[in-house]
Each structure stands twice: as structure tokens, then as C-alpha cells.
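Accompanying notes for the structure given below.
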Amino acid sequence: KKPQKIKIALMTSAFPWSFGPYQSQMYKLSLLLSEYHPGDPYHYKIYWIPFSATNLPRGTYKGYKELKPHIGERLPPPKDFKLDHITFLGKPNDGKMSASKFNRLQEKYGFDVLVTLMDITQVVPDDAFHMPVVAWVPLHSETVQSSTFDYLALKQYHGIASLAPSSAHAIQSTVGKEIELNGEISKTAKGRAIKAMFGKPQVEFIPHTFDKEAISKSADIGLEMLKTHSVALADSKLTNSPFLNRGQESTLEPGHPLSLFGEERKHDFIILLQGGNYEPEDRKGWDTSIQAFARFYHSLKDASR
């Protein structure tokens, strides 16, 4: 019996070899989906939609060679990086993604299912999806209130893969709850409106994975390079990007008396806060993190090292 061919679209911010956990996780998913063994009921044709690649014209592209004229050579994929199982898809550069834009892509390319991996706020719920859509999402709040954008967006999905057990519970408690109406009210406009206020997507906890060995190997390479290179120069070499000296603090420069790097500092306790606030609320927790560090610092008898 021939396997059923399934067209599956994977949408995340950028290309699979570019920096970021979402790209890394989605690429791992693409590799799993591409594996086919005799007797498997499904065979997947995989499309990749990098929604932030605004310089990629609409159309389909196979491999880096076809992408290169449009995205340049700033950050090419590593050598032997497997891409032959992916068809890249350029989309119209016309603002924020929305459910209606997903539907137009589905009509044009005949997707059977779409999997997204991005923040909830990246998709405007302006229409019902015309195909099964699974959202693999982080939740940046303790609960999901029915008056919020998150609630309206999450309600549209057929399946929600939450990155944390607590998030899965919060989403299931609101968006995943379906209401059944009995009697005449179920046939009225009021009844349909009440039912529409509740969701019915399937909600599961599905965490991200990481390759500990690969991370350790990369860390060793980076730490060795930092013995002789500034952070900015090491970053440029490791990412094959232009050199950008952003005025790094002296603590990040090798050889400086206050440098964090070197044999004499290897036992020091170092705290790293990494992220950026690109929305009005402090959802990255900088305010809380800085206050927590202040409490920790002032609790020490000797905070000089």
C-alpha cells in the first residue's frame, strides 16, 4: 500500500540554520518528519516559511543555492547542513501574519496541515483557519484571560503544543474548554455565540529538546576563541557576520584586568541575563531579574568576586 502524501508547512521566524531556539527546534522537527521507512502510512512533503524573511520574494526555493540571490551570504548554512528535504516558501511582504494570509497560502500550495512556532502575538486571528493548524507556543503569563489577545488567537488553533506543563494547564483551563448546550438555546444565535466564546483545541505539553554534546562543543570553541579575541570579533567569526564593535564592556574583553575570562576567574560566579524587550510589557522579566540580583548581591559577605 502506497503511503499517503501529506503537505506540511512549518512556519517560524527565520531560516533553520540561523540563530535561535525556534529555528533549531523546527529544524529538528523537519528532520523527524522527513524520515520515511517502508510501511509508514504517511510521507511528508515539507515546506518552510520564514515569516521574518521580508526580502524573500513569493515563490518556492530548493536549498541555499536558490535562496542565496535573495538573502545574500551574510550567514550561510554550515557545511553539510541537510536541506534537501525542505522546500522554502517566500510570502508577500505585507505586514503582520494573519489567519487569512495562512488561508491564502494554503489555497495556493495545497497544504494539508500547518505547524507554527512563534509567539502568540505574531498571528492576527482575523479569520477561521481553512486547514488544521498546530501552534507550538510559549505562554508568557500565568493564566489566559478571555479578554486578552492571547485567548482570541489561541482559540483559532486546532491543536496547541505548550512548552511547559503549567502553560498547558493554563491554556487547557480556558482555551481548551468546550461547552455543550442543550435544548432550544443550542439552535439560536445566542447559543452559537456562547459556544463560540469557548475553545476546543487539543492541548498537550511538548517541550523543546537540545543537543547537550553540540552545545558543549560550541562552548569550548567559543571560550577558546575568547582568549585572544574580543566578544565582538569572536561573534563576527563564529557567525560569519560583519564585525560590529558595540562598545562592549571591559569585563567582556580578554586580557583586561576586569575581564570575566581567564584562569584566575574560572571559579567566579557569573550571572547571565539574555533577551530583549520588544513589547510594552516587561515579559522578559528584566525588572524582576535585576531586583533578584540586587538581593543576591547584598546577601553576600564578600561581593568583590
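For the pair Gln23 and Ser18, the tightest heavy-atom approach, listed with the atom from each and the gap, is CG-OG, 3.7 Å. Considering all non-hydrogen atoms of both residues, Leu163 and Ile206 come closest at CD2-O, 3.7 Å. Summarising the geometry of Met26 relative to Thr12, their closest heavy-atom pair is CB-CG2, 4.3 Å, with the distance given to 0.1 Å. Residues Leu233 and His229 come closest through the heavy atom pair CD2-CD2, 3.3 Å. Shortest non-hydrogen contact noted between Thr209 and Lys28 is O-NZ, 3.3 Å. Thr116 and Phe102 make their closest contact through CG2-CZ, 4.1 Å (heavy atoms, listed as atom of the first residue, atom of the second, distance).
Under the 4.5 Å side-chain heavy-atom criterion for grouping Ile, Leu, Val, Met, Phe, Trp and Tyr, Val115 is not connected to Tyr36 through any hydrophobic cluster. Both Leu29 and Tyr42 sit in one connected hydrophobic cluster of ILVMFWY residues. Membership requires side-chain heavy atoms under 4.5 Å apart, directly or through other members. Following chains of ILVMFWY side-chain contacts shorter than 4.5 Å, one can reach Leu31 starting from Trp136, so the two form part of one hydrophobic cluster. Val124 is not connected to Ile120 by any chain of hydrophobic side-chain contacts under 4.5 Å among Ile, Leu, Val, Met, Phe, Trp and Tyr, and they are in different clusters.
Judged by distance alone, with hydrogens and angles left aside, the side-chain atoms of Glu204 form no donor-acceptor pair with the main-chain N or O of Ile160 at under 3.5 Å. The backbone N or O of Val144 sits nowhere less than 3.5 Å from a side-chain atom of Thr148 that would complete a donor-acceptor pair. Remark: side-chain polar atoms of His158 are paired, donor with acceptor, to backbone N or O of Val133 under 3.5 angstrom. A donor-acceptor pair is defined here as one N or O able to donate and one able to accept, closer than 3.5 Å; no such pair exists between the side chain of Asp220 and the backbone of Lys217. Counting only distance, with no hydrogens or angles, the side chain of Asn103 and the backbone of Ala128 share a donor-acceptor pair below 3.5 Å. With hydrogens and angles ignored, the 3.5 Å screen pairs a side-chain donor or acceptor of Asp211 with a backbone N or O of Glu213. No donor-acceptor pair closer than 3.5 Å links the side chain of Lys5 to the backbone N or O of Lys45. With hydrogens and angles disregarded, no donor-acceptor distance shorter than 3.5 Å links the side chain of Asp126 to the backbone of Ser98. The main-chain N or O of Gln145 is never found under 3.5 Å from a side-chain atom of Thr143 such that the two would form a donor-acceptor pair. A donor-acceptor pair is defined here as one N or O able to donate and one able to accept, closer than 3.5 Å; no such pair exists between the side chain of Ser24 and the backbone of Gly20.
Between Ser34 and Ile46 the shortest side-chain heavy-atom distance falls below 4.5 Å. In this structure, the side chains of Ser30 and His85 come closer than 4.5 Å at one or more pairs of heavy atoms. The closest side-chain heavy-atom distance from Tyr47 to Leu114 is not below 4.5 Å. Inter-residue side-chain proximity for Tyr64 and Pro77 is flagged as met; some heavy-atom pair is nearer than 4.5 Å. Residues Ile8 and Asp112 form no side-chain contact, since every pair of their non-hydrogen atoms from C-beta on lies 4.5 Å or further apart. Using a 4.5 Å heavy-atom threshold, the side chains of Gln156 and Phe129 count as touching.
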Determine, stepwise, if the pair Ser289 / Gln291 fulfils side chain to side chain donor-acceptor pair (under 3.5 Å).
CA-CA 5 Å; Ser289 299; Gln291 291 183 62; over 6 Å; no
Test side chain to side chain donor-acceptor pair (under 3.5 Å) on Ser13 and Ser52 and set out the steps.
CA-CA 5 Å; Ser13 175; Ser52 65; 3.2 Å; yes
Between Leu117 and Met11, does the side-chain contact (heavy atoms from CB on, under 4.5 Å) criterion hold? Intermediate values first, please.
CA-CA 6 Å; Leu117 180 49; Met11 173 173 277; over 6 Å; no
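Note that Lys155 lies outside the cation-pi zone of Tyr157, set by a 6.0 Å cut-off to the ring centre and a 45° limit from the axis.
With Tyr27 as the partner, the ring-ring contact (aromatic ring centres under 6.0 Å, His included) test is satisfied by one option alone out of Trp17, Tyr22, Phe81, Phe15: Phe81.
One finds the CE atom of Met131 at 9.5 Å from the CD atom of Glu107 (value rounded to the nearest 0.5 Å). Note: Leu139 CG to Leu154 CG = 7.5 Å, rounded to the nearest 0.5 Å. Note that the CG atom of Leu89 and the CG atom of Leu10 stand 11.5 Å from one another [nearest 0.5 Å].
Pairs of residues two or more places apart, or lying in two chains, that qualify as salt bridge (charged side-chain N to carboxylate O under 4.0 Å, His left out) and include a residue from residues 62-71 are Lys68-Glu73.
Ring pair Tyr297/Phe293 is tilted by interplanar angle, where 30° to 60° counts as tilted.
For Phe205, the side-chain contact (heavy atoms from CB on, under 4.5 Å) partners two or more places apart in sequence, or in a different chain, are Pro165, Ala168, Pro207. In this structure Tyr44 satisfies the ring-ring contact (aromatic ring centres under 6.0 Å, His included) test with no other residue, sequence neighbours excluded.
With respect to Lys82 and Asp84, a salt bridge is recorded, a charged nitrogen being found less than 4.0 Å from a carboxylate O.
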